[in-house]
Amino acid sequence: MTRLAQTEGLTDIQREILSTVRDFVDKEILPVATELEHRDEYPSQIVEGLKELGVFGLMIPEEYGGLGESLLTYALTVEEIARGWMSVSGIINTHFIVAYMLKQHGTQEQKDYFLPKMAAGEIRGAFSMSEPALGSDVSAISSKGVRDGDDYVLNGQKMWLTNGGTSTLVAVLCRTDEGHPEGTAPHKSMTTFLVEKEAGFGEVRPGLTIPGKIDKMGYKGVDTTELIMDGLRIPADRVLGGTTGRGFYHMMDGVEVGRVNVAARGCGVAQRAFELGVSYAQQRHTFGKPIAQHQAIQFKLAEMATKVEAAHAMMVNAARKKDSGQRNDLEAGMAKYLASEYCKEVVEDAFRIHGGYGFSKEYEIERLYREAPMLLIGEGTAEIQKMIIGRRLLEEYRIQG
């Protein structure tokens, strides 16, 4: 059977990478994903396998030991991994965003020091914007960095940090008032700090504590944590790009490519849900025939497949737009919004096809049903995406005169 969501115009290298990842997913992830997810166990063996495949360095330039591939290649790889287990794609995503921010905005010394280690998977990245009281309102960040000699002293509490425990490098967004007089727009007085730490929980370096994993409904296996800074001293040469006040722009650039990643995850989960639904519909019998032969189920399968194809096409378009060097916040917002919403709907339809068995933890669809909601809020809620899309449309269609 021809798989859904095929991508035209790929190079031989891209097809080879995706074929290798697809085989890895089928052999190493799908057979163990549900068991590990139910135990909320970090997939160490899977992560090591992806490290050997070079996935951690997929978009890092060859001069730093990476594969130097495009965002499109990365997004299609994420789509394959999420088809196996979405949590694994989350582990890769936060690492990728930090590497991307370093590549785009880091000083030469920062690139030379961090990128080779990140490409090899020796340093695992995480990034931190959110705080307990602010949600999507990034301008309300209260964590603060104050200059003290050759260092900055950081204080504050961050929230929803993916890879908080397992990472060894965190890009942390804080407010810095130095050089930014009172009345400066909030987004112009933010700075990204590159915080190195030990993996694990508790006090992972003086002044920095990772309290422990947040217990979640889904998206298990990957550790989601808080991050508490209390007199954390960071050398000034660990300010991303070497200049304060640029952190908001750094983070938004990272989140923009992260939205393509979330769209790709939505595509991967939706593809798996369709595979499970179309397979089960041919095995389950009612009224003397497989339910796949009932028109109501055929209609449902048709809708599911169409949504998978549409979401994939928008995700590919957003990735290619970014790769071309053009602004892609409109396309990324649309892709993230559509793919996450369609993912939720496709998963629910596959759940309905499974009937009562879909409610059983023995069936994989139960896991997908709990994972899909995270995509509705990760890298910005649907409402945030609509705001971005609406503003960009008004820019493009502004009436003259």
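Model, not experiment: these values are computed from the prediction.
- Ion pairing between a basic and an acidic side chain is recognised when a charged N comes within 4.0 Å of a carboxylate O; Glu109 and Arg238 show such pairing.
- Residues Arg259 and Ile388 share a closest heavy-atom pair of NH1-CD1, 3.3 Å.
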Test log, rule salt bridge (Lys or Arg N to Asp or Glu O under 4.0 Å), inputs Glu131 and Lys158: CA-CA 4 Å; Glu131 296 181 2; Lys158 311 298 281 189; 3.1 Å; yes

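- Enclosure of atom CD1 in Ile13 is not indicated, since only 12 or fewer non-hydrogen atoms of other residues, nucleotides or ligands lie within 6.0 angstrom.
- Ion pairing between a basic and an acidic side chain is recognised when a charged N comes within 4.0 Å of a carboxylate O; Lys321 and Glu331 show such pairing.
- In the displayed structure, Gln45 atom CD is contacted under 6.0 Å by at most 12 heavy atoms of other residues, nucleotides or ligands.
- With values rounded to the nearest 0.5 angstrom, Thr34 atom OG1 is found 8.0 Å from Leu368 atom CG.
- Within a 6.0 Å sphere centred on CD of Gln295, other residues, nucleotides and ligands contribute 12 heavy atoms or fewer.
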Salt bridge (Lys or Arg N to Asp or Glu O under 4.0 Å) between Lys300 and Glu303, intermediate numbers included: CA-CA 5 Å; Lys300 198 174 292 292; Glu303 292 168 359; 5.7 Å; no

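- Salt-bridge annotation for Glu371 and Lys220: absent, with no side-chain N of the basic residue lying under 4.0 Å from a carboxylate O of the acidic one.
- Between the Asp223 side chain and the Gly165 main chain, a donor and an acceptor come within less than 3.5 Å of each other.
- Here NE2 of His312 is found 3.0 Å from OG1 of Thr7. Values are rounded to the nearest 0.5 Å.
- A salt bridge links Arg39 to Glu35: one of the charged nitrogens lies within less than 4.0 Å of a carboxylate oxygen.
- A salt bridge links Arg327 to Glu395: one of the charged nitrogens lies within less than 4.0 Å of a carboxylate oxygen.
- Rounding to the nearest 0.5 Å places CG of Asn155 at 8.5 Å from CG of Leu232.
- Side chain to side chain, Glu203 and Thr209 fail the donor-acceptor criterion of an N or O pair below 3.5 Å.
- Annotation: the span from Thr107 atom OG1 to Lys111 atom NZ amounts to 8.0 Å, rounded to 0.5 Å.
- A donor-acceptor pair under 3.5 Å links the side-chain atoms of Gln298 to the main chain of Ala292, judged by distance alone.
- Between Glu256 and Lys322, at least one side-chain nitrogen of the basic residue sits less than 4.0 Å from a carboxylate oxygen of the acidic one, meeting the salt-bridge criterion.
- Listed here is the closest heavy atom pair of Tyr219 and Gly90: OH-CA, 3.2 Å.
- Atom CD of Glu16 has 12 or fewer heavy atoms from other residues, nucleotides or ligands within 6.0 Å.
- Under a cutoff of 6.0 Å and an axis angle of 45°, Arg233 and Tyr152 do not form a cation-pi pair.
- Atom OG1 in Thr168 sits 7.0 Å away from atom NZ in Lys197 (nearest 0.5 Å).
- When every heavy atom of Ile214 is checked against every heavy atom of Thr225, the shortest pair comes out as CD1-C, 3.9 Å.
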Full working for side-chain contact (heavy atoms from CB on, under 4.5 Å) between Ile91 and Ile46: CA-CA 11 Å; Ile91 293 169; Ile46 292 172; over 6 Å; no

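- Counting only distance, with no hydrogens or angles, the side chain of Asp40 and the backbone of Gly221 share a donor-acceptor pair below 3.5 Å.
- Remark: the backbone N or O of Glu362 is paired with a side-chain donor or acceptor of Ser360 at under 3.5 angstrom.
- With a 6.0 Å cutoff to the six-membered ring centre and a 45° limit on the axis angle, Lys361 does not count as a cation-pi contact of Tyr363.
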Check against salt bridge (Lys or Arg N to Asp or Glu O under 4.0 Å), Asp26 and Arg83: CA-CA 9 Å; Asp26 289 339; Arg83 174 180 156 266; 3.0 Å; yes

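- Here the closest heavy-atom approach between residue Leu276 and residue Ile365 is recorded as CD1-N, 4.0 Å.
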Ser44 and Glu48: CA distance, side-chain angles, deciding distance, side-chain hydrogen bond (donor to acceptor under 3.5 Å, both in side chains) verdict: CA-CA 6 Å; Ser44 300; Glu48 285 301 310; over 6 Å; no

Audit row: Glu341, Lys307, salt bridge (Lys or Arg N to Asp or Glu O under 4.0 Å) steps and yes/no: CA-CA 10 Å; Glu341 294 291 336; Lys307 289 173 181 177; over 6 Å; no

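- The closest side-chain heavy-atom distance from Glu37 to Arg370 is below 4.5 Å.
- Checking Thr176 against Thr191 by side-chain atom types alone, a donor-acceptor pair falls below 3.5 Å.
- Under the 6.0 Å distance and 45° angle rule, Arg284 does not count as a cation-pi partner of Tyr280.
- A 4.5 Å side-chain heavy-atom check between Ser340 and Arg265 finds every atom pair outside the cut-off.
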side-chain contact (heavy atoms from CB on, under 4.5 Å) between Arg124 and Val47, intermediate numbers included: CA-CA 11 Å; Arg124 305 278 173 81; Val47 170; 3.3 Å; yes

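- Side-chain atoms of Asn93 and Glu379 form a donor-acceptor pair, as typed in the model, at a separation below 3.5 Å.
- When all heavy atoms of Ser128 and Val170 are compared, the pair lying nearest together is CB-CG1, 4.1 Å.
- Heavy atoms of other residues, nucleotides or ligands lying less than 6.0 angstrom from NZ of Lys144 number 12 at most.
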side-chain hydrogen bond (donor to acceptor under 3.5 Å, both in side chains) assessment of Asn163 paired with His95: CA-CA 9 Å; Asn163 282 344; His95 175 89; over 6 Å; no

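- Checked for salt-bridge contact, Asp12 and Arg15 meet the test: a charged N lies under 4.0 Å from a carboxylate O.
- Interatomic distance, CZ of Arg352 versus OH of Tyr369, reported as 7.5 Å (0.5 Å rounding).
- Side-chain N or O atoms of Glu122 include none that pairs as donor or acceptor with a backbone N or O of Met118 at under 3.5 Å.
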From CA spacing to verdict: side-chain contact (heavy atoms from CB on, under 4.5 Å), Arg205, Leu208: CA-CA 5 Å; Arg205 68 176 282 175; Leu208 179 63; 3.6 Å; yes

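- Smallest separation of non-hydrogen atoms from Cys267 and Ala339: SG-CB, 4.3 Å.
- Using a cut-off of 4.0 Å between Lys/Arg side-chain N and Asp/Glu carboxylate O, Glu383 and Lys386 are scored as not salt-bridged.
- In this structure, Lys51 fails the cation-pi test against Phe56, since its NZ or CZ atom is not both closer than 6.0 Å to the six-membered ring centre and inside 45 degrees of the ring normal.
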Chi angles and distances behind the side-chain contact (heavy atoms from CB on, under 4.5 Å) call for Phe248, Met251: CA-CA 5 Å; Phe248 179 83; Met251 286 284 178; 6.0 Å; no

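- Between the side chains of Gln283 and Ser279, at least one donor-acceptor pair of N or O atoms lies under 3.5 Å.
- In Glu198, the CD atom is not crowded: 12 or fewer heavy atoms of neighbouring residues, nucleotides or ligands sit closer than 6.0 Å.
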